[in-house]
Protein chains: 2
Amino acid sequence: MKRNLIPPPVVWRLSLYLRELQALAGEGVEKISSRKLADGLQTTDAQVRKDLAYFGQFGRPGVGYRVAELIQQLKQILNTDKVWPVVVVGAGDMGRALLRHKGFLAKGFNLVAAFDISDKLIGMVVGGAPIRHLDELQEFVLQSDIRMAVLAVPPQAAQGVCNLLCEAGIRGILNFAPISICAPGGVTVRQVDLAAHLEQLSFHVGAQSGPPGAMLRVRTTRIATER
Amino acid sequence: MKRNLIPPPVVWRLSLYLRELQALAGEGVEKISSRKLADGLQTTDAQVRKDLAYFGQFGRPGVGYRVAELIQQLKQILNTDKVWPVVVVGAGDMGRALLRHKGFLAKGFNLVAAFDISDKLIGMVVGGAPIRHLDELQEFVLQSDIRMAVLAVPPQAAQGVCNLLCEAGIRGILNFAPISICAPGGVTVRQVDLAAHLEQLSFHVGAQSGPPGAMLRVRTTRIATER
DNA sequence: TAGATTGTTAATCGATTAACAATC
DNA sequence: TAGATTGTTAATCGATTAACAATC
């Protein structure tokens, strides 16, 4: 498998192409050119063709790509033509929101169980997945041969849970904790830092404050949260 | 402002540096070299120095960078030295999880209100922010001079809400809907596609399925959700 | 056939890395 | 002073874009 040779931006765009193609399929579109696929995805026809060419020849000159066929090919490439069982570690607000999220399943990911240390959460079933005690994590992962995990724990706990997961044989971790974690070679870690995304926005939006009122009126302490 | 000249990867790493520096400050570290800052952040000392050099001279040869000072500088650059009021549109599971998330405020973002069309949600207060009817969105944004919005609506609704937001003068949108949206020039849109991140993991983790059992045992229909 | 569009190569562009004089 | 580390330039590397012969 010469997966190492493929530039990361290419793999990322594969996901975007797949998403777009699935939307098109939903609209009943049956074939599409690289140009049309590129439009709206802020890329170019050449980029689309070059990206796909890393993996094979999926189109026909003069015609374009068959939508249904390309979807299947991309799923095979991304390994989402089967459904992956995934564990969620941390069943706080973010973890539970992810568990409830309909849509992962259609993309090939089934959040089968969650793990936490809070007695208030353990025993709950959220989005169809039971929340169990963290102590049961490794046994569950090993027994069910789970390969992927979502990490939604507080930053201080992230590295420790990462270690547990890696020991248990997890091969891919999606980390929502705003801290960079280390995993042994062979384990892929992806970081999703929501605050960092907001910072990218504020950088581009610029320094122009709203009227002083808008900036000063904001609360510094939060009102106690309900439900 | 020559912000256009700065490569996007540089701005992104600025957020990572800031996050790391804030963690260091919490540990009481007072000064740090580009090498130490780069370690653990999967980058190099040269990259750190080059990135910072786009914005000025913040270190001292032979010494390094003062942590507290560099934090302040990075906040100024990213425009998070003041707190931005932000609206959340869509108060479903994801929207409410974001509203409850403590930690945005410390990063310079205050989720001041949410908007939805569901009567079940309107009137609730989540994470200190009231959920109001979508009809009130534009007036609120205009009156409070809000510049940034988080979009957490179903994909079909995303473009419509985006249009509303842009009309009301929003300048930055963080889009969680798994669909690519268009906004007029001057409005920055960032996409967060969680399923796409999982796909990147499955690509790297590879095609090796677990034992057939693990793949086949997964549910196809979800059990009705409790909380 | 004529028009459209692919796959692929070569040219351009942009980002990262290496190296080092300047400085604390 | 000697050791460390910066800011910055030049060299390398990698990714995107342009162009076009091949093909439907």
Side-chain angles (χ1 to χ4, degrees), chain A residues 2-17 20-21 24 29-74 77 180 200 203-204, chain B residues 2-17 20-21 24 29-74 77 180 200 203-204:
Chain A
K2 49 182 87 166
R3 285 273 157 64
N4 301 11
L5 308 181
I6 294 157
V10 171
V11 186
W12 179 252
R13 284 191 297 267
L14 254 34
S15 282
L16 305 188
Y17 301 153
E20 187 75 4
L21 287 163
L24 288 165
V29 178
E30 293 190 345
K31 56 187 175 52
I32 191 150
S33 66
S34 54
R35 165 167 281 282
K36 289 222 195 84
L37 184 52
D39 290 350
L41 231 40
Q42 65 173 299
T43 185
T44 64
D45 56 340
Q47 180 99 256
V48 169
R49 295 197 299 276
K50 187 121 211 296
D51 287 349
L52 295 175
Y54 280 97
F55 303 94
Q57 305 186 157
F58 307 115
R60 280 202 289 187
V63 179
Y65 302 87
R66 288 201 53 243
V67 172
E69 189 183 304
L70 191 49
I71 287 174
Q72 275 318 111
Q73 302 277 14
L74 288 174
I77 294 165
S180 102
Q200 301 297 298
F203 175 84
H204 289 289
Chain B
K2 48 182 85 164
R3 284 276 157 63
N4 300 14
L5 308 181
I6 294 157
V10 172
V11 185
W12 179 252
R13 282 191 299 264
L14 253 36
S15 282
L16 304 189
Y17 301 153
E20 187 75 4
L21 287 163
L24 289 166
V29 177
E30 291 189 348
K31 56 188 174 50
I32 191 152
S33 66
S34 55
R35 166 166 281 281
K36 287 221 196 85
L37 184 52
D39 290 349
L41 231 41
Q42 63 173 305
T43 185
T44 64
D45 56 341
Q47 180 99 257
V48 170
R49 295 196 300 277
K50 187 123 212 299
D51 288 348
L52 296 176
Y54 281 97
F55 303 94
Q57 306 183 159
F58 307 114
R60 279 200 292 184
V63 180
Y65 302 87
R66 286 203 55 244
V67 171
E69 190 183 303
L70 190 49
I71 287 174
Q72 275 317 111
Q73 301 277 13
L74 287 174
I77 294 165
S180 102
Q200 300 298 297
F203 176 83
H204 288 289

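Letters A, B, ... mirror the listed sequences (proteins, then strands); counts begin at 1.
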To the nearest angstrom, how far is A/Phe55 atom CZ from C/dG7 atom P?
14 Å
Is there side-chain contact between A/Leu70 and A/Leu52, with at least one heavy-atom pair below 4.5 Å?
yes
Could you check how far CG of A/Asp45 sits from P of C/dT6, rounded to whole Å?
7 Å
Could you measure the distance from the CD atom of B/Gln47 to the OH atom of B/Tyr17? Nearest 0.5 Å is fine.
5.0 Å
Any chance you could measure A/Tyr65, atom OH, to A/Arg49, atom CZ, to the nearest 0.5 Å?
6.5 Å
For A/Ser15 and B/Gln200, which I'm curious about, is there any donor-acceptor pair between the side chains at under 3.5 Å?
yes
So does A/Arg49 get a side-chain nitrogen or oxygen closer than 4.0 Å to the phosphate oxygens (OP1/OP2) of C/dG7?
no
Got A/Leu24 and A/Ile71 here, is their nearest side-chain heavy-atom distance under 4.5 Å?
no
Spacing of A/Glu20 atom CD and A/Arg13 atom CZ [to the nearest 0.5 Å]
14.5 Å
Nearest whole angstrom, please: distance from the C1' of D/dG7 to the OH of B/Tyr65.
8 Å
How many Å lie between CG on A/Leu52 and P on C/dT5, as a whole number?
16 Å
Indicate, with a heavy-atom threshold strictly under 4.0 Å, whether B/Arg60 touches base, sugar-phosphate, or nothing.
sugar-phosphate
B/Phe58 CZ to D/dT5 C1': how many Å, rounded?
17 Å
Heavy-atom nearest pair, B/Ser180 first then A/Gly40, reads OG-O, 2.7 Å
Among residues 29-40 of chain B, which residues get a heavy atom nearer than 4.0 Å to DNA chain C?
none
So, is B/Gln57 close to the D/dT8 phosphate, meaning a side-chain N or O under 4.0 Å from OP1 or OP2?
yes
Step through the shown structure and confirm whether more than 12 heavy atoms of other residues, nucleotides or ligands are within 6.0 Å of CD on A/Gln42.
no
Measuring from B/Ile77:CD1 to B/Leu14:CG, what's the distance to the nearest 0.5 Å?
5.5 Å
Secondary-structure stems for DNA chain D, with pairs counted as Watson-Crick or G-U when both distances are under 3.5 Å and runs at least 3 long:
C:3-24 with D:3-24
B/S/- contact track for nucleotides 9-17 of chain D, protein heavy atom under 4.0 Å:
B-----SBB
Whole-Å distance between D/dC24 P and A/Arg66 CZ?
16 Å
Test item: A/Ile6 and A/Phe55 side chains (from C-beta on) under 4.5 Å apart, heavy atoms:
yes
Minimal heavy-atom distance between A/Ile32 and A/Leu21, with the atoms involved, is CG2-CD2, 4.1 Å
